[in-house]
Amino acid sequence: MLWGVLSDIHSNYEALRAAIKALEQRGATGYICCGDIVGYGPQPNEVVECVSRLPSLRCVRGNHDLAVLGRMDIQWFNAPAKAAVMYTQKTLTEQNFAWLKELPPIVEEKTFTVVHGSPRNTAEEYLVTVQQFHDNCSYFTTSPCFVGHSHLPVCFLMREPVSYVEAGTLGDGQELRTPEGTRSVINPGSAGQPRDQDNRASCGIFDDQRRTFTIHRVKYDIAATQKRIIDAGIPEFLAARLSYGQ
Ligand SMILES: [Fe+2]
Ligand SMILES: [Fe+2]
């Protein structure tokens with residue numbers, strides 16, 4: 001089965017639609033979502049409704065989803081992020097709140113695991129170093145373990161029992177092989193707010209038969225999302241950063 005892998009959509013419906021279209025065209029029939037579905041962006045209802053209807057969805061919640069639900073202290077959020085959380089709280093329908101509330105912190109399948117931050121700290125850890133990958137290996141059983149949160153398309157892979165780790169960033173079209181017996185963590189990057197200086201939506205395809213993962217970068221109508229952010233009264237900074245992919 002081919003799985004479309006998405007993370008950190010952050011209420012950016014234009015980016016989500018473009019990413020799903022690209023993933024569908026590449027044959028995705030199931031979807032994995034690593035959380036942060038809402039926050040930052042202008043269209044939380046459209047995004048929740050679209051994600052919740054994806055076929056064979058395996059989805060976890062992120063720290064922004066928890067913040068919107070009032071389940072996470074937002075004192076460490078910066079001012080624009082806080083403002084976006086408050087906008088989302090007053091905009092989301094009751095039904096969409098209820099859907100977000102049901103999302104688990106971790107999904108474990110035979111051929112993969114899904115969390116938002118890291119397996120040991122699903123809401124808050126940015127898994128970006130080899131040491132963190134090592135430290136997290138005892139917290140998940142099936143690989144790849146898909147993560148989000150850092151908004152960076154990166155991978156870590158270790159062939160057992162050797163402890164040498166291959167790690168790196170994943171560029172558009174790059175295919176990563178994750179054969180049986182390897183432990184891996186993969187971040188598909190952010191669909192709705194990329195932070196690797198590439199302003200295209202980031203997403204990927206996981207082939208659970210061939211055990212490969214391929215990153216795809218997808219152009220979308222950034223100006224349309226920016227206009228909606230400004231019209232919604234969300235801080236302009238969150239519109240501007242989309243142009244730069246950071
Ligand atoms: Fe995020
Ligand atoms: Fe996050």
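When a ligand or atom number is given, it counts from 1 through the structure's own listing order. In what follows, every heavy atom counts, from backbone to side chain, and hydrogens, waters and symmetry copies are set aside.
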Tell me whether His116 has at least one N, O or S atom under 2.8 Å from the Fe ion (ligand 2).
yes

Step through the shown structure and confirm whether more than 12 heavy atoms of other residues, nucleotides or ligands are within 6.0 Å of OH on Tyr139.
no

Nearest N/O/S atom of Asp8 with respect to the Fe ion (ligand 1), by atom name, please.
OD1

To the nearest 10 degrees, how large is the angle at the Fe ion (ligand 1) between His10 NE2 and Asp36 OD2?
90°

Reference residue Gln132; test side chain to side chain donor-acceptor pair (under 3.5 Å); the match among Asp135, Asn136, Thr129:
Thr129

Is any side-chain heavy atom of Val147 closer than 4.5 Å to a side-chain heavy atom of Ile186?
no

Measure the acute angle between the ring planes of Phe112 and Phe206, then classify it against the limits of 30° and 60° as parallel, tilted or perpendicular.
perpendicular

ND1 (His149) to the Fe ion (ligand 2) to OD1 (Asn63): angle, nearest 10 degrees?
100°

Metal site the Fe ion (ligand 1): N/O/S of His151 inside 2.8 Å:
yes

Indicate, with yes or no, if the rings of His134 and Phe156 have centres closer together than 6.0 Å.
no

